[in-house]
There are 2 protein chains.
Amino acid sequence: MAEKGKTKARLLQAACELFAEKGFRDTTVADICDAAEANIASVNYYFGDKERLYDEVWRHAFAITVSTYPIDGGVEEDSDVETCLFGYARAVLSRIFSEGEAGLFPRLLNQEMAAPTLALDKIASEALLPQSRQVEDVIKKQFGDRCDDHLLRLCKLSIIGQCAFYNFSRPLRERVMGIKNVLPEEIDRMARHIASFSLGGLKQIQKQTENRN
Amino acid sequence: MAEKGKTKARLLQAACELFAEKGFRDTTVADICDAAEANIASVNYYFGDKERLYDEVWRHAFAITVSTYPIDGGVEEDSDVETCLFGYARAVLSRIFSEGEAGLFPRLLNQEMAAPTLALDKIASEALLPQSRQVEDVIKKQFGDRCDDHLLRLCKLSIIGQCAFYNFSRPLRERVMGIKNVLPEEIDRMARHIASFSLGGLKQIQKQTENRN
DNA sequence: TTCAGAATCAAACGCGCATTTGAAATAGGA
DNA sequence: TCCTATTTCAAATGCGCGTTTGATTCTGAA
């Protein structure tokens, strides 16, 4: 047996890192076994095949990210709108910029967006839809329950988009944007910006609809 | 010779569609040749190898998208801030939702974000940086030239993020967001929303910095 | 100590891929 | 018509991949 830890756990850990970095198709079983210092046959021995290992990786990544950075961002549910937006943005950005296991989820998601596998449907309904609903609720708090569905969706996507862009534009961070290491204070700063920018946006939209009536 | 058109042109067209859909690595030379009704050896005969065909595809996609939907979105350069934002958003969204050749560029970009190739550096400096600068200029028009660099960057990313999210979240459009066919009027509507949401955001940020001084 | 089940291992299998090859077909000017 | 350069073609080459195999080693309870 190799250095430390059970082989199965080492395989899972190596697979997490590699799948997140290169995606399902571009990661080879041999890569995973090398990184885990395990024999080439061990993936099949412990997980059946590459695909079931991938499922296991998703399960692990999802569990870690929601427990490490819950989507409410640690703010009270009955806080004011800007604070709720801040909590959401901070949670999402913390996940995105996490260099530990909590960062696996957004990185895997990024891969799925370019080359979806069967795993995506499950992720969409179990993880993404609830987050989307959460943002909806905050917007309703600002607009009141009487609120055009179309408008609600556009605002929701504006808010989510600001956060999610940091995930999907990963390779551009150093190339185009001037982003290197991101410290926790920096994340807070970004989240505060997104919260107040979005609040300003929501108010502007609200003003327009009131003028129209 | 097959039905119509020169073989080389058919290969390029087929390669565009397939690379945009599945990315460089997941597209096989055999797929391309089949789609172009050409022999398996024709890619190497006309382009040298798969990689040089990919370069050619990028060149083609870039040329088409900027000439079909120039990044100013067809608004005068000295228009007011909201109109400039509208122009930018409309251009970007038009490209993203285009089902024709103009849509190749964002789709290829999406693939590069998940699995970068050597092509990305060129694209970043030739296509993306200039667009980023353009948004910067609009923000400066709102804020005046005296404007914190940090703040400028955050606002820029907020604006770009709202637009680009529609590109990167492609597989979620039907799954999570309720988006199906997108008509030109709908694109205008979305662009108008992003413009006024962003203007509201900019004003909010501006108000905060003024209060701080 | 014995021994059955678990774990590891190197080698091999089968397949799909990009690319090469050398011949055949085609086209167009002399 | 003849001849040469271009284009097309089916087959082959060589490599990397996921998975399987059958043997070997390890482990822990009896």
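A note on names: the letters A, B, ... follow the listed sequences, proteins ahead of strands, and every chain is numbered from 1. Note that these values count all heavy atoms, side chains included, but never hydrogens, waters or copies made by symmetry.
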Task: Spacing of B/E51 atom CD relative to C/dC17 atom C1', expressed in whole Å - done: 15 Å
Open item on the list: In whole Å, I'd like the distance from the CG atom of B/L11 to the P atom of D/dT8.
Closed with: 9 Å
Task: B/Q131 CD: over 12 foreign heavy atoms closer than 6.0 Å - done: yes
Open item on the list: At 4.0 Å (heavy atoms only), tell me whether B/A30 reaches a base, stays on the sugar-phosphate, or touches nothing.
Closed with: sugar-phosphate
Task: Residue whose closest nucleotide on DNA chain D lies nearer the 5' end, A/A41 versus A/D31 - done: A/D31
Open item on the list: If you count every heavy atom of other residues, nucleotides or ligands that lies below 6.0 Å from B/E186 atom CD, does the total exceed 12?
Closed with: yes
- [ ] Write down the distance between CD (A/E37) and P (C/dA7), rounded to a whole number of angstrom.
- [x] 19 Å
- [ ] Quick one: label B/Y46 by what it contacts on the DNA or RNA (base, sugar-phosphate, nothing), any heavy atom closer than 4.0 Å.
- [x] sugar-phosphate
Task: Whole angstrom value for the distance that separates C1' of D/dT6 from NZ of B/K8 - done: 14 Å
- [ ] Could you check how far NZ of A/K50 sits from C1' of C/dG16, rounded to whole Å?
- [x] 13 Å
Task: Length of the line joining B/I40:CD1 and D/dT13:C1', which is rounded to integer Å - done: 13 Å
Open item on the list: Just the rounded figure in Å: distance from P of D/dG16 to CG of A/D34.
Closed with: 14 Å
TODO: May I ask you to evaluate whether A/N44 reaches the phosphate of D/dG18, defined as a side-chain N or O under 4.0 Å from OP1 or OP2?
DONE: no
Task: Exceeds 12 heavy-atom contacts within 6.0 angstrom, atom CG of B/D137 - done: yes
TODO: Verify whether one side chain among B/D31 and B/T28 offers a donor that lies under 3.5 Å from an acceptor in the other.
DONE: yes
Open item on the list: Using whole Å, what does the distance between atom C1' of nucleotide C/dG16 and atom CZ of A/R25 come to?
Closed with: 15 Å
Task: Under-4.0 Å side-chain N/O to phosphate OP1/OP2 contact, B/T7 with D/dT7 - done: no
Open item on the list: Looking only at side-chain N and O atoms, does B/S158 offer a donor or acceptor that is under 3.5 Å from a partner on A/Q162?
Closed with: yes
Task: Residue-phosphate contact under 4.0 Å: B/N39 side-chain N/O, D/dA10 OP1/OP2 - done: yes
